[in-house]
Structures are given as C-alpha cells and as structure tokens.
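Structure first, then comments.
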Amino acid sequence: MRKYAQAERHALCDTALRLGPDAPTLCVGWNVRDLMAHLAMRERRPEALGILVPQVRDASERTRERYALRPFEDLVDMVRKGPHEFSPFRIPAVDAHANLQEYFIHHEDILRAQLPAADQEGVRVLGADLQNALYDALPMAARMTLRRSAMRVAALCPGHAPLALNSPSEPIGEFIVAGQPSEVLLHLAGRMSFVEFEGEPDDINRFVAEPRGI
C-alpha cells in the first residue's frame with residue numbers, strides 16, 4: 001500500500017501545479033493553495049491534530065493559514081518531499097495506511113471540483129491494483145467515519161468479498177453500499193461519489209442524512 005500512497009502524493013502535487021493555487025476543491029472554503037497548506041503542515045506540526053481534537057482546532061487553523069502565505073511552489077515542494085524526520089508519517093506502516101487515504105481523497109478533492117456536478121464520465125479510471133489497495137483501506141476509514149453511526153453498514157465492491165464496515169452494539173438498521181472501493185471510500189469521507197445503496201429505503205435515508213467524514 002505504501003507505494004500507492006507515494007504515487008498519490010506525487011500525482012496530487014502534479015495536479016496542483018497544473019491547475020494552480022486558485023483552483024477550487026471539494027473542501028468547503030479551500031482552494032488548492034489552502035489544501036496544500038493543510039497537507040504541508042499536517043506532516044510537520046503537532047497542532048495539525050486539530051482536525052481530530054476540537055480543543056486545538058483554532059490553533060491548527062491559524063498554523064495552516066500561516067503556511068498558506070508561503071509561495072505556492074514551495075508548498076507543493078514541501079508536500080512532495082514528505083514529512084520531516086521526526087514525523088510519525090515517516091513510519092512505513094503509518095504512511096501506507098493513513099497517507100494512502102489522505103492523498104487519494106484530497107487528490108480527488110481537486111480533480112472532482114473541476115467537474116460539472118454528478119459528471120461520472122470525467123472521473124479518472126483507476127487501475128485494479130490501486131482499487132485493491134483502497135479496498136484494504138476501507139476498514140480503517142470506516143472506523144473513523146462510522147464510529148458514531150447506529151446503522152450496520154457493509155460494502156459490496158466488484159471482484160471483492162462483501163465487507164462489514166462497522167458493528168454497532170445496538171443497530172437500528174442495516175444496508176449495503178455498492179461501488180468501486182474508491183467510490184465507497186469517498187462516500188465514507190463525505191465526498192462526491194458514485195455508489196448505490198441496497199436495503200430498506202428508511203434505513204438508507206437515515207444513513208444518508210448522517211454527516212459523513214471524520
């Protein structure tokens with residue numbers, strides 16, 4: 001999985017340079033410069049954990065805003081070079097699992113923001129090996145994004161075994177999210193995605209109404 005994390009990192013940087021700092025993203029309120037600032041500080045500053053810890057969220061955003069003042073090409077270069085020597089993201093297992101999700105999702109944040117709404121024709125086609133790696137990443141992603149959901153959710157991806165994404169102690173319903181692993185991952189992250197649902201309409205509507213993402 002690590003090689004795919006590295007490949008997505010470099011592909012994201014190439015796309016950022018091609019589109020420029022002012023291009024939109026799917027991250028509300030952020031253009032490409034803002035997103036690259038987030039990625040650059042994420043691997044260098046401890047307050048980057050603010051995305052997960054509400055108590056330091058303001059400090060995290062102030063740091064990101066300072067990073068965003070740097071020349072755009074420098075930000076992209078920082079992201080391309082990767083984390084500083086003391087960052088936990090230098091640990092191969094952390095890079096393989098956390099960074100594959102991070103860089104794939106944020107690369108799609110840039111790419112899909114340039115598409116007309118719900119235009120599946122413009123979505124990039126991924127190779128089978130990358131889809132396999134993203135399928136392997138689904139359980140970790142689900143632990144983060146479905147931890148508060150009372151719905152029992154499973155993924156059904158072409159060419160893969162059905163995958164239970166969570167196991168709530170007192171489920172109030174259940175259903176299946178069907179689609180390519182990449183699309184299921186993006187759906188879990190609350191991004192534009194192309195998936196189908198299988199189950200009772202009330203269960204599906206209840207789940208769709210839940211907030212997605214971390």
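Note that the structure is predicted; figures quoted are calculated from it, not measured.
- With hydrophobic clusters built from ILVMFWY side chains whose heavy atoms lie under 4.5 angstrom apart, V153 shares a cluster with V208.
- Geometrically, R64 does not engage Y67 in a cation-pi contact, judged by NZ or CZ lying under 6.0 Å from the ring centre and within 45° of the ring axis.
- For the pair N205 (side chain) and D202 (backbone), a donor-acceptor distance under 3.5 Å is absent.
- Note: C13 SG to M36 CE = 4.0 Å, rounded to the nearest 0.5 Å.
- No single ILVMFWY cluster, assembled from side-chain heavy atoms under 4.5 Å apart, contains both L134 and L111.
- Relative ring orientation between F197 and F175 is described as perpendicular, the plane-to-plane angle rising above 60° on a 0-90° scale split at 30° and 60°.
- Contact check for Y4 versus D136: no side-chain heavy atoms found under the 4.5 Å cut-off.
- How far CZ of R143 is from CG of L165: 11.0 Å, rounded to the nearest 0.5 Å.
- The hydrophobic cluster containing V32 also contains M78, counting ILVMFWY residues as joined when their side-chain heavy atoms lie under 4.5 angstrom apart, directly or transitively.
- The number of heavy-atom neighbours closer than 6.0 Å to CD of E65, taken from other residues, nucleotides and ligands shown, is above 12.
- Of all non-hydrogen atoms in P21 and N31, the two that sit nearest each other are O-CG, 3.2 Å.
- Not a single donor-acceptor pair under 3.5 Å links the side chain of S193 to the backbone N or O of V195.
- Side chain of R112 to main chain of M192: a donor-acceptor pair is present (N/O by atom type, distance under 3.5 Å, no hydrogens or angles).
- Grouping Ile, Leu, Val, Met, Phe, Trp and Tyr by side-chain contacts under 4.5 Å, direct or through others, leaves L69 on its own.
- The minimum heavy-atom distance between G179 and V184, with the atom names listed, is O-CG2, 3.8 Å.
- Under the 3.5 Å distance criterion, the side-chain polar atoms of D109 are left unmatched by any main-chain donor or acceptor of T25.
- Interatomic distance, Q101 CD to L186 CG, rounded to the nearest 0.5 Å: 10.5 Å.
- Between atom CZ of residue R33 and atom CZ of residue R70 there is a gap of 12.0 Å, rounded to the nearest 0.5 Å.
- Every residue was checked against the ring pair (Phe, Tyr, Trp, His ring centres under 6.0 Å) condition with H10, not counting sequence neighbours, and none meets it.
- Side chain of Y135 to main chain of A161: a donor-acceptor pair is present (N/O by atom type, distance under 3.5 Å, no hydrogens or angles).
- Taking SG of C157 as the reference point, atom CD of Q131 lies at 8.0 Å (rounded to 0.5 Å).
- Of the possible donor and acceptor atoms, none in the side chain of E170 sits under 3.5 Å from a partner among the backbone N and O of A150.
- Hydrophobic clustering (side-chain heavy atoms under 4.5 Å, transitive across Ile, Leu, Val, Met, Phe, Trp, Tyr) keeps I176 apart from I204.
- Residues L188 and M144 have side chains not in contact (no heavy-atom distance under 4.5 Å, counting atoms from C-beta outward).
- Taking the charged nitrogens against the carboxylate oxygens, R206 and D203 do have a contact shorter than 4.0 Å, which makes a salt bridge.
- The shortest distance between side-chain heavy atoms of L17 and R80 falls below 4.5 Å.
- Paired with E8 under the rule side-chain contact (heavy atoms from CB on, under 4.5 Å), one option of I105, N99, L130 passes, and it is L130.
- When every heavy atom of G82 is checked against every heavy atom of E43, the shortest pair comes out as C-OE1, 3.6 Å.
- Salt-bridge check for R9 with E102: failed, with every basic side-chain N at 4.0 Å or more from each acidic carboxylate O.
- Annotation for E198: atom CD counts as buried by contact number, over 12 foreign heavy atoms lying within 6.0 Å.
- Clustering ILVMFWY residues whenever any of their side-chain heavy atoms sit less than 4.5 angstrom apart, transitively, puts F207 in a cluster other than the one holding L156.
- From L39, atom CG reaches atom CG of L12 across 6.0 Å, with rounding to the nearest 0.5 Å.
- Formation of a donor-acceptor pair under 3.5 Å by the Q114 side chain with backbone atoms of P24 is found in this model.
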